[in-house]
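Reckoned from all heavy atoms, side chains included, excluding hydrogens, waters and symmetry mates. In this chain, residues are counted from 1 in sequence order. Model, not experiment: these values are computed from the prediction.
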Amino acid sequence: MTERIRVAVVGAGGWGAQHARIFAGRPDTDLVGVVGRSLERTAARASQFETTPYTDLDCMLEEARPDLVSVCLPNEHHFDVTLHLVEAGVDLLVEKPLVFDLDEADRLLAAAAKSGAFFAINFNHRYAEPFVRAKAAIEAGQLGDLVFLTWRFGGEANVGASPHANLIETQCHGFDLLEHLGGPIDSVMAQMTNATYGAYSTVAIALTFASGAVGTILGSYDSSYSYPGSQLVEVNGTRGRAVVDDTVRRLTLSEVGNEVRTVWEAGYFNDEARSFHATFDRHVEQVLAAFRDGNPPPVPAAAGRRALQLAHAAIASFESGRRVATPVPE
């Protein structure tokens, strides 16, 4: 591998701009191409970041010779392109959700295992400063034994073909983050509503954790990103509590019986820590370090399969009216 990592981005949409921005701007990477479906749109994106536009994936692989490909396509169209790349042995960073279908997820993971490809997924919420600090507080024992964890996340709808778009493509962050903080989820029991526009746009899920803790997920496309407090995570333990507001805005740590709280908020000159987009930069930093050293990804694609497993268990719970076990795959 050359000293500078050659990266191509597949996808010329809105969040794909963040992929292109990062890899075009780092001193240790070269953005060697952008692949999209529309020549006009792809050319505009490539021009913005001074790279080459492609509408043919194989042509890009042959001409640009990337070391790593970063994939950011519409949520429900990940499978075919990702399978093509992993079967070709291409090293990948892909956007969430991995896919919508568990069989497709298994095919991708099996193909990557066969080819030996580096296969990372972007669960960037883990890298927000409040969650980094909350995780450290949990591991240091500041919260004691965890008792309950809550994820609440709402915003405007991203309407798609799947009736479970909100659950699979957005609340996957909740499943991943709550397991990141609280350990494996043992079972789920779900309620959902499709009263707004026909899809299950709001879900409420009760969780049990292998540790004995319980939890909740409230995820909605019937909310707004403009509402204060529409993104909140609480982790409550026997010794204290951690509360994260709006992912990057604030971490509040409290101790049982102590009315004095400890609050972290980004300082005046710390714009990076208050930026949601910068959580992806932080993740990419770890991805590239692992890639360069020949180590596994910090967040492997299997984490995307796990979030999808939990989402499908929630669907089964809602449809059956029963609690559904969610054992961690061996």
Side-chain angles (χ1 to χ4, degrees), residues 1-101 103-122 124 160-161 169 280-281 283-284 287-288 290-292 294 297 299-301 304:
M1 185 187 303
T2 58
E3 184 176 347
R4 293 170 66 89
I5 298 173
R6 298 172 60 82
V7 184
V9 171
V10 178
W15 189 250
Q18 298 302 321
H19 288 242
R21 171 189 64 79
I22 291 172
F23 294 114
R26 291 182 59 96
D28 58 349
T29 58
D30 288 321
L31 181 64
V32 296
V34 173
V35 182
R37 292 172 294 180
S38 161
L39 178 58
E40 181 179 5
R41 186 173 187 176
T42 307
R45 176 62 51 77
S47 176
Q48 180 183 1
F49 293 103
E50 300 181 335
T51 190
T52 304
Y54 294 92
T55 55
D56 185 294
L57 182 60
D58 288 324
C59 179
M60 181 279 291
L61 293 175
E62 182 177 350
E63 291 186 3
R65 297 174 290 103
D67 301 309
L68 180 72
V69 173
S70 192
V71 180
C72 184
L73 293 169
N75 287 307
E76 296 179 48
H77 297 90
H78 290 188
F79 177 67
D80 289 338
V81 167
T82 307
L83 182 65
H84 182 78
L85 289 166
V86 359
E87 286 185 335
V90 176
D91 295 316
L92 295 177
L93 167 63
V94 299
E95 268 301 334
K96 60 80 199 170
L98 183 59
V99 282
F100 275 62
D101 181 87
D103 288 339
E104 291 181 348
D106 289 338
R107 286 182 64 187
L108 292 176
L109 294 177
K114 182 177 180 180
S115 70
F118 181 93
F119 196 10
I121 191 167
N122 182 34
N124 55 305
E169 70 192 26
F280 187 25
D281 295 66
H283 185 198
V284 166
V287 167
L288 293 176
F291 181 68
R292 182 176 281 108
V299 187

List for me each residue that meets salt bridge (charged side-chain N to carboxylate O under 4.0 Å, His left out) alongside Arg26, sequence neighbours excluded, and say none if there are none. Asp28, Glu285

Can you tell if the side chain of [X] reaches within under 4.5 Å of the side chain of [Y], non-hydrogen atoms only?
| X | Y | result |
| --- | --- | --- |
| Asn75 | Glu95 | no |
| Leu85 | Leu61 | yes |
| Phe119 | Val94 | yes |

Would you call the rings of Trp15 and His19 parallel, tilted or perpendicular, where under 30° means parallel and over 60° means perpendicular? perpendicular

Roughly how far, to the nearest 0.5 Å, is [atom2] of [Y] from [atom1] of [X]?
| X | Y | atom1 | atom2 | result |
| --- | --- | --- | --- | --- |
| Leu31 | Arg6 | CG | CZ | 10.5 Å |
| His78 | Cys72 | NE2 | SG | 6.5 Å |
| Glu87 | Leu108 | CD | CG | 8.5 Å |
| Leu92 | Ile121 | CG | CD1 | 11.0 Å |

Give a yes or no on whether the backbone of [Y] and the side-chain of [X] come within a donor-acceptor separation of less than 3.5 Å.
| X | Y | result |
| --- | --- | --- |
| Thr29 | Phe23 | yes |
| Asp30 | Val32 | no |
| Arg45 | Gly13 | yes |
| Asp67 | Ile5 | no |
| Glu76 | Ala161 | yes |
| Thr42 | Ser38 | yes |

Test log, rule side-chain contact (heavy atoms from CB on, under 4.5 Å), inputs Leu73 and Thr82: CA-CA 10 Å; Leu73 293 169; Thr82 307; 5.7 Å; no

What closest approach, in Å, do [X] and [Y] show between heavy atoms, and which atom pair accounts for it?
| X | Y | answer |
| --- | --- | --- |
| Ala24 | Phe49 | CB-CD2, 3.8 Å |
| Gly33 | Tyr54 | CA-CE1, 4.1 Å |
| Ala301 | Leu98 | O-CD2, 3.7 Å |
| Ile22 | Phe280 | CD1-CD2, 3.4 Å |
| Leu83 | Ala111 | CD1-CB, 4.2 Å |
| Ala43 | Pro53 | CA-CB, 3.8 Å |

Against Leu93, only a single residue in Val71, Val9, Val284 fulfils side-chain contact (heavy atoms from CB on, under 4.5 Å); can you say which? Val284

Do Asp281 and Arg21 pass the side-chain contact (heavy atoms from CB on, under 4.5 Å) test, and can you show the C-alpha distance, the side-chain angles, and the key distance before you say yes or no? CA-CA 10 Å; Asp281 295 66; Arg21 171 189 64 79; 2.7 Å; yes

Verdict with reasoning, Asp101 to Phe79, per side-chain contact (heavy atoms from CB on, under 4.5 Å): CA-CA 9 Å; Asp101 181 87; Phe79 177 67; over 6 Å; no

